[in-house]
Amino acid sequence: MSMNEHDIRGLVEEVREGKLPRRSFIQKMVGVGLTAPMASMMLMHYGVANAQTAIPYKPTKRGGGGTLKLIYWQAAVHLNPHYAGGTKDQDASRIFYEPLAGWDTDGNLVPFLAAEVPTRTNGGLSADGKSVTWKLKRGVTWHDGKPFTADDVVFTAQYAGDPAAAMTTVNVYKDIKVTKVDSHTVKIDFPKPTPFWAEPFVGSVGLILPKHVFEGFMGAKSRENPANLKPVGTGPYKVIDFKPGDILRASANTAYHIPNQPFFDALEVKGGGDATSAARAVLQTAEYDVGWNLAVEDVILKQLEGAGKGKMSFHAGSDVEFITLNVTDPWNEVDGERASIKSKHPAFQDKAVRDAMNLLIDRRGIAEVIYGRGAIATSNFLNNPPRFRSPNTKIEPVNIDKANQILEAAGWKKGADGIRAKGNVKLKFVYQTSVSGPRQKCQAIIKDACTKAGIEVELKSVVAAVFFGSDFANPDTYQKNWADIQMFTTTMTQPDPQTFMEQYTSWELAQKANKWASRNLSRWTSKEYDDAHKAAQVELDPAKRAALFIKMNDLVVGDGHIIPLFARPRPVGTVNKLVTTISAWDNLTSFMTYWYRDA
């Protein structure tokens, strides 16, 4: 089925006139390759108001639910959302801080600190795509009792957009102008037409900070703020105690701005351990209510579900597990910096080596045998929304013979030790990832295939709290990427791929100068890629914009430094009577104020 702009406009008018239900329009758009979030954004672009999301919630009073217990086998190490280097820190921060709006599971924008979602009709969206005006919710207070106002929103943009602060969200805010219209209205001016305007102050990159708590710690002093460990937010829970890398305790915010919420009186987030132990603690013993990212072999998950105390759910977004073949040299310094962007990897700069590595990975076998419901083998880095999924790549079947032929033809000859070499460069690599049962099995399978091709691989597994931590003094973080091969999952927390695909742009390079706080950890860059991303930032035609993102995917995958493995639906375990609202387009904790326990 195909559909042109004229057809789409006709359907939009039918929705506007009430002739076509909004849900039917979204189903039609999904049928031609969009997702629900993209269809929802399209309606807003054409001036049709956002749907009034009715999130299920039965409780008729605040509190009374006891303690909600979550287990994160990767423990949070700080609670500042704007320099959160990993999902664990983003999720923990989201318990306390809120954005103006978030994305629900159907792709609708849901107001949190905003009074309403901006539209053409209410005057929030400009016709030229260069500005958006947000009206803020009144009567909201910070956890210390101070009022939430437009000053906090303006300040958050200044704080996060300051390059000296080295925030992971810097590129969302550094080029926009945020103006206070009145005490509860802000206007965002973009430097150019912006098709995806719902990025600043929205979702995981949009959490608002209190000006009075953070203004004394701007720029280079940002890491010194005690509030990085003791948050003062507007969210449903207030911090009681936080031990980085271990446990987080909070109590209900009795002044929370949504009536009858939260249901639970207290909150506990236990960190550390491993995914299998976390799955057992939810599904088998029900010691905890929610288990995050239970990346466990599916056969084990099914056995644990057999206890009858909990269940798994898999939330499809665009998260992807992938391998990076280092572009830079992680073992030698240039101007005092390992893995400097001025260096080249001695072996992986040869495309033949990268092509051979791609043939030594049995994506389908690993996905089916180890991950089951939790993985879909892919050759694309960008997998969802479907409109942006490239048809131009394919999964190469594992072929050790062909890998050997490619290496031999490129001059990589086996020595007496069986390891291939060319000149003084040997194919000896360190392959690192986080501690995780399935990941270590995946490493072992790939190492075995590499050995048969004359490549020696040393396996390295780093405790998740360290690997995904934000300590720029630690050599083992994934931001530093001081290994030859690295593997992890990157998450897409928005229904639009602009921010997700920005992680391969030159302006996002993680390096010593920005304390490795930017998002291009692979350090792969391409002028053609940069140009395509810049074009997508201002392209208002949905089809042309989709083509640009497909081009970006094909460029980064085709060069061979980035090897996608599996699309990863988010695996969450919950006890049977817990009712949750979970969106794959936002943080796990984004809608936890709506969670409750059924009688």
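If you read the sequence from its start, that first residue is 1, and numbering goes on from there.
- Side chain of N481 to backbone of L521: a donor-acceptor contact under 3.5 angstrom is found.
- Here Y159 and Y173 keep their ring centres 6.0 angstrom or further from each other.
- Remark: D355 engages K351 in a salt bridge, criterion side-chain N to carboxylate O under 4.0 Å.
- Just one of V178, V172, V153 meets the side-chain contact (heavy atoms from CB on, under 4.5 Å) condition when paired with P200; it is V172.
- A donor-acceptor pair under 3.5 Å links the side-chain atoms of N553 to the main chain of L382, judged by distance alone.
- E508 contributes no side-chain N or O that, together with a main-chain N or O of Q503, makes up a donor-acceptor pair within less than 3.5 Å.
- Contact check on K130 versus D189 returns no salt bridge, with no Lys/Arg side-chain nitrogen under 4.0 Å from an Asp/Glu carboxylate oxygen.
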Evaluation steps, side chain to side chain donor-acceptor pair (under 3.5 Å), between Q432 and W482:
CA-CA 9 Å; Q432 74 175 17; W482 287 354; over 6 Å; no

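- A salt bridge is defined here as a Lys NZ or Arg NE, NH1 or NH2 lying under 4.0 Å from an Asp or Glu carboxylate O, and E528 with K551 meets this definition.
- Between the H315 side chain and the P569 main chain, no donor and acceptor come within less than 3.5 Å of each other.
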Might you work through the side chain to side chain donor-acceptor pair (under 3.5 Å) test for S522 and N520, ending with a clear yes or no?
CA-CA 6 Å; S522 69; N520 189 343; 3.2 Å; yes

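- Ion pairing between a basic and an acidic side chain is recognised when a charged N comes within 4.0 Å of a carboxylate O; K192 and D175 show no such pairing.
- The backbone N or O of F314 sits nowhere less than 3.5 Å from a side-chain atom of R570 that would complete a donor-acceptor pair.
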I'd like to know whether K527 forms a salt bridge (Lys or Arg N to Asp or Glu O under 4.0 Å) with D531, so could you lay out the CA-CA distance, the side-chain angles of the two residues, the decisive distance to 0.1 Å, and finally the verdict.
CA-CA 6 Å; K527 184 181 183 302; D531 291 344; 2.8 Å; yes

Stepwise ring pair (Phe, Tyr, Trp, His ring centres under 6.0 Å) test for F112 and F591:
CA-CA 10 Å; F112 279 90; F591 291 92; 5.5 Å; yes

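- Ring geometry for F500 against F381 counts as parallel: the plane angle stays under 30°, on a 0 to 90° scale with 60° as the upper cut.
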Pair N514, S518 - check side chain to side chain donor-acceptor pair (under 3.5 Å), show working.
CA-CA 7 Å; N514 56 31; S518 286; 3.2 Å; yes

Does V556 form a side-chain contact (heavy atoms from CB on, under 4.5 Å) with W524? I'd like the steps, not just the answer.
CA-CA 8 Å; V556 72; W524 179 91; 3.7 Å; yes

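- A salt bridge between R545 and D496 is present, with a side-chain N of the basic residue lying under 4.0 Å from a carboxylate O of the acidic one.
- When each of T328, V353, D484 is paired with H345, the side-chain contact (heavy atoms from CB on, under 4.5 Å) condition holds for D484 and for no other.
- Looking only at distances, no side-chain donor or acceptor of N332 sits under 3.5 Å from a matching main-chain atom of D329.
- From S506, atom OG reaches atom CD1 of I341 across 9.0 Å, with rounding to the nearest 0.5 Å.
- Of the possible polar contacts, one joining the T119 side chain to the N122 backbone as a donor-acceptor pair under 3.5 Å is found.
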Determine, stepwise, if the pair H533 / T505 fulfils side chain to side chain donor-acceptor pair (under 3.5 Å).
CA-CA 8 Å; H533 197 280; T505 59; 5.9 Å; no

Report the C-alpha separation of T234 and L113 in whole Å, then their side-chain angles, then the decisive distance to 0.1 Å, and conclude whether the side-chain contact (heavy atoms from CB on, under 4.5 Å) test is met.
CA-CA 9 Å; T234 58; L113 294 177; 3.6 Å; yes

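- A donor-acceptor pair is defined here as one N or O able to donate and one able to accept, closer than 3.5 Å; such a pair exists between the side chain of R568 and the backbone of G374.
- For D586 and R94, the salt-bridge test passes: some basic side-chain N is under 4.0 Å from an acidic carboxylate O.
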Chi angles and distances behind the side-chain contact (heavy atoms from CB on, under 4.5 Å) call for T433, I323
CA-CA 9 Å; T433 187; I323 278 176; over 6 Å; no

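- What you find for V557 and S379 is that their closest heavy atoms are CG1-O, 3.4 Å.
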Tell me, with the steps shown, if T489 and R439 meet side-chain contact (heavy atoms from CB on, under 4.5 Å).
CA-CA 11 Å; T489 288; R439 282 191 173 135; 3.4 Å; yes

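- A donor-acceptor distance shorter than 3.5 angstrom exists from the side chain of R354 to the backbone of D559, with no hydrogens or angles considered.
- Side chain to side chain, N380 and T393 meet the donor-acceptor criterion of an N or O pair below 3.5 Å.
- Distance alone, capped at 3.5 Å, places no donor-acceptor pair between the T179 side chain and the V181 backbone.
- Atom CZ of R120 and atom OG of S126 lie 7.5 Å apart (nearest 0.5 Å).
- T490 contributes atom OG1, which lies 7.0 Å from atom CZ of R519 (distance to the nearest 0.5 angstrom).
- The aromatic ring centres of F322 and F566 sit 6.0 Å or more apart.
- Between K342 and E337, none of the side-chain N atoms (NZ, or NE/NH1/NH2) sits under 4.0 Å from a carboxylate O, so this pair counts as no salt bridge.
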